[in-house]
Amino acid sequence: MKDPVQIFNNEQKTDRRGFLKLLLGFSGLVTAVGVLTPVIGYLWPPKQASTVGAGRVPVGSTEEFPVGQGKVVPVDGKPVIIVNTDQGGLTAYSAVCTHLGCVVEWDDRRQFILCPCHDGRFNAINGAVISGPPPTPLPELPLVVEQDTVYVSPA
Ligand code: FES
């Protein structure tokens, strides 16, 4: 006749062994998912939801860019300043200053594009340098309006 204590201990060992196998399998599964997820993400990158058509990016509705205003928006991860003037209408420029690369901003009171780093000033109608150290105008970017949505093509 078998010793009941020994039978109990053997069953406990089996249960522990089963539990450890289950834990090891689960760890292997988690590791495999952790390794494969970035690989799959690299091989099949998600489509950029903000990009529309031939490289155009919607930046907002026309109501968001009233006349006499300027606003910096991201386009493909780069800053772009959209200005709306009486004379020039809606226009998009790279918002990266041509001097040392600071991000420009809209000067509402004086109605021009200002670089806060070294007081570089740019014309809102054509992006030309008004004053300060910037050596060249702000590059203009293609902008179109379709059905009240403003689209900008990144540089
Ligand atoms: S970085 Fe813009 S004026 Fe110097």
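Whatever order the structure lists them in is the order used to number ligands and atoms, beginning at 1. When a residue number appears, it is its place in the shown sequence, counting from 1. Computation of the quantities below employed the complete heavy-atom set of this structure, encompassing side-chain atoms and omitting hydrogens, waters and symmetry-equivalent molecules. If you're wondering where the values come from, they're calculated on a predicted model, not measured in any experiment.
The SG atoms of Cys97 and Cys102 do not lie less than 2.5 Å from each other.
Residue Cys102: no N/O/S atom is found under 2.8 Å from atom 2 (Fe) of ligand 1. Among the atoms of Cys117, none of the N, O or S atoms falls under 2.8 Å from atom 2 (Fe) of ligand 1.
Sorting the N, O or S atoms of His99 by how far they are from atom 4 (Fe) of ligand 1 puts ND1 first. Distances from atom 4 (Fe) of ligand 1 to each N, O or S atom of His118 single out ND1 as the nearest.
Across Val75 and Pro154, no two heavy atoms sit closer than the pair CG1-CB, 3.9 Å. In terms of heavy atoms, Val104 sits closest to Val72 at O-CG2, 3.4 Å.
Near Pro133, with a cut-off below 4.0 Å to any heavy atom, the atoms of ligand 1 are 3 (S). Near Leu100, meaning under 4.0 Å from one of its heavy atoms, ligand 1 places the atoms 1 (S). Near Cys115, the atoms of ligand 1 lying under 4.0 angstrom from a non-hydrogen atom of the residue are 1 (S), 2 (Fe), 3 (S).
The closest side-chain heavy-atom distance from Thr91 to Glu140 is below 4.5 Å.
A cation-pi contact links Arg56 to Tyr151, judged by a cut-off of 6.0 Å to the six-membered ring centre and 45° from its axis.
Between Asp107 and Arg109 no salt bridge is recorded (no basic side-chain N to carboxylate O distance below 4.0 Å).
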